[in-house]
Amino acid sequence: MTYEKILGRLKDKLSEKRYIHSMGVEYTAAALAMVWDVDVEKARLAGILHDCAKGLSGKDSLEKAKKHNIPISKYEKRNPELLHAKLGAYYAKAKYDIDDEEILAAIACHTTGKPGMNTLEEIIFVADYIEPNRKPLPEIEEIRKEAFTDLHFCVLHILKNTIAYLKKDGAEMDEMTEKTYAYYLSH
Ligand SMILES: [Fe+2]
Ligand SMILES: [Fe+2]
């Protein structure tokens with residue numbers, strides 16, 4: 001599928017806000033790939049497609065996940081919008097002709113991260129958080145700099161802030177976010 005076709009389909013499936021966010025993740029991921037010696041085209045594709053399943057409602061997300069044999073955790077059952085990462089990897093392959101397993105893996109773990117991410121996975125996780133169209137989050141200036149100077153530390157910083165934010169809110173947290181944080185703290 002050509003890049004133009006991918007954009008056309010995405011525009012159809014996503015809200016305007018989400019589409020603009022996706023473009024932000026694409027160009028931010030491309031810039032990070034240049035710094036961290038990752039294939040720039042892979043980073044762009046993973047970036048533009050990372051939220052391709054975000055247009056689905058919670059109910060539809062659960063239904064589609066069941067239909068396509070995507071495992072659903074207890075936490076995802078209660079917060080089905082989180083499934084958009086794993087569903088996104090599924091749709092990137094099924095609907096956007098992406099066969100590259102590294103791109104699909106980076107899409108699949110972009111919300112919670114996972115222990116021992118490779119550089120492309122870290123780039124998508126970070127780009128999703130720092131892209132310029134997002135509303136500014138605490139310490140974003142430092143976090144953006146770290147993305148280009150110390151990628152591991154940047155991932156840790158994002159996880160730390162995300163967990164602090166969820167705790168302050170009394171919100172539930174996906175086990176994987178905590179596991180990822182524990183891993184990055186000790187590596
Ligand atoms: Fe997402
Ligand atoms: Fe996103």
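Just follow the structure's listing: the first ligand is 1, and inside any ligand the first atom is 1. Predicted model, so just to flag it, every value in this text is computed and none were measured.
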ask   = Do R44 and Y3 meet the cation-pi criteria used here (NZ or CZ under 6.0 Å from the six-membered ring centre, within 45° of the axis)?
value = yes
ask   = Would you find a donor on one side and an acceptor on the other, under 3.5 Å apart, between the side chain of D39 and the backbone of K42?
value = yes
note = Taking 2.8 Å as the strict upper bound, the Fe ion (ligand 1) has protein N, O or S neighbours numbering 3
task = Go through the steps to decide whether R9 and M1 satisfy the test side chain to side chain contact (heavy atoms under 4.5 Å, CB included), and finish with yes or no.
result = CA-CA 10 Å; R9 183 187 277 270; M1 187 178 282; 4.0 Å; yes
Ring pair (Phe, Tyr, Trp, His ring centres under 6.0 Å) partners of Y96, counting only residues at least two apart = none
message = Could you work out, with ring pair (Phe, Tyr, Trp, His ring centres under 6.0 Å) as the rule, every residue matching Y184, not counting sequence neighbours?
response = H152
query = Mind checking what makes ring pair (Phe, Tyr, Trp, His ring centres under 6.0 Å) contact with Y181, not counting sequence neighbours?
reply = none
